[in-house]
**Student:** 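Have a look at this one before I ask anything.
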Amino acid sequence: MTSMFKQAGTVLQAMRLPFLLLTLAMMLLVSAIATYEGFEWSLPLFFLICVAALAAHLSVNLLNEFEDFESGLDFQTDKTPFSGGSGGLPANPDAAESVAAAGYFFLGMVISLGGFFVYLRDWSILPLGLLGVVLIVTYTSRITRYPCCV
């Protein structure tokens with residue numbers, strides 16, 4: 001039982017929850033601009049969009065944590081508040097699969113909610129959603145490996 005709690009703690013650590021405040025701040029900014037510009041918007045739909053945004057951020061954080069641990073990068077990087085990972089997986093390597101599973105769980109939430117948004121609106125938003133999924137999946141393995149192109 002203790003191992004399960006330790007793994008759950010490592011997953012929570014890998015989520016880097018304080019960084020999710022940025023996502024919430026951006027969503028509040030979007031709602032403020034929409035209101036200012038006079039757009040009519042639905043609070044329940046906005047809530048689902050916020051859930052999708054948070055799930056995307058969580059997925060990126062967890063998959064980044066897992067991939068950096070698997071590649072050995074976590075063991076070579078000097079840890080700072082903004083780089084070097086959470087330190088959870090080097091301290092508890094047995095939780096690696098749990099961290100990856102949580103990352104893919106949140107990616108599944110993003111895809112499911114994205115499908116719902118396509119159903120509500122129309123197919124024209126699908127390319128943007130697919131781009132988002134590609135960015136989540138390739139963030140660590142591709143995008144962060146080529147900083148000159150960003």
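Residues: numbered from 1 along the sequence shown. Just so it is clear, the structure is predicted and the values come from calculations on it, not from any experiment.
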**Student:** Please answer: with hydrophobic residues joined when any side-chain heavy atoms are less than 4.5 Å apart, are Leu43 and Leu48 in the same cluster?
**Tutor:** yes
**Student:** Would Phe66 and Phe105 show up in the same hydrophobic cluster when neighbours are defined by side-chain heavy atoms closer than 4.5 Å?
**Tutor:** yes
**Student:** Mark yes when over 12 heavy atoms from residues, nucleotides or ligands other than Phe46 sit less than 6.0 Å from its CZ; otherwise mark no.
**Tutor:** yes
**Student:** About how many Å separate CG of Asp122 and CZ of Phe117, when rounded to the nearest 0.5 Å?
**Tutor:** 14.0 Å
**Student:** Just verifying a value: how many Å separate Leu107 CG and Leu58 CG, rounded to the nearest 0.5 Å?
**Tutor:** 11.5 Å
**Student:** Take Phe106 and Val60 through the side chain to side chain contact (heavy atoms under 4.5 Å, CB included) test and state the conclusion after the steps.
**Tutor:** CA-CA 9 Å; Phe106 285 109; Val60 167; over 6 Å; no
**Student:** So, taking the atom named CZ in Arg16 and the one named CG in Asn61, what distance separates them when rounded to the nearest 0.5 Å?
**Tutor:** 5.0 Å
**Student:** With no hydrogens and no angle check, is any side-chain donor or acceptor of Ser59 less than 3.5 Å from a backbone partner on Gly103?
**Tutor:** yes
**Student:** What are the two closest non-hydrogen atoms of Pro93 and Phe69, and how far apart are they?
**Tutor:** CB-CZ, 3.6 Å
**Student:** Kindly determine whether Ile33 and Leu29 satisfy side chain to side chain contact (heavy atoms under 4.5 Å, CB included), including the steps that lead there.
**Tutor:** CA-CA 6 Å; Ile33 292 170; Leu29 180 60; 4.0 Å; yes
**Student:** Working to the nearest 0.5 Å, report the span between CG of Leu62 and CG of Leu12.
**Tutor:** 9.5 Å
**Student:** Can you tell me how far NE2 of His57 sits from CD1 of Ile136, rounded to the nearest 0.5 angstrom?
**Tutor:** 10.5 Å
**Student:** Under 4.5 Å between side-chain heavy atoms, counting indirect links through other Ile/Leu/Val/Met/Phe/Trp/Tyr residues: same cluster for Leu17 and Met27 or not?
**Tutor:** yes
**Student:** For residues Leu54 and Phe47: do they belong to one hydrophobic cluster (side chain heavy atoms under 4.5 Å, members Ile, Leu, Val, Met, Phe, Trp, Tyr)?
**Tutor:** yes
**Student:** Rounded to the nearest 0.5 Å, what's the gap from CG on Asn92 to OG on Ser3? Could you check?
**Tutor:** 7.0 Å
**Student:** Please find the pair of heavy atoms, one from Ala53 and one from Thr23, that lie closest to each other, and give the distance.
**Tutor:** CB-CG2, 3.7 Å
**Student:** Mind listing the closest non-hydrogen atom pair of Ala96 and Glu70 along with its distance?
**Tutor:** CB-OE2, 4.3 Å
**Student:** Does Met26 share a hydrophobic cluster with Phe19, counting links as ILVMFWY side-chain heavy atoms below 4.5 Å and allowing steps through other members?
**Tutor:** no
**Student:** Mark yes or no for whether Glu65, through its side chain, and Val99, through its backbone, hold a donor-acceptor pair below 3.5 Å.
**Tutor:** no
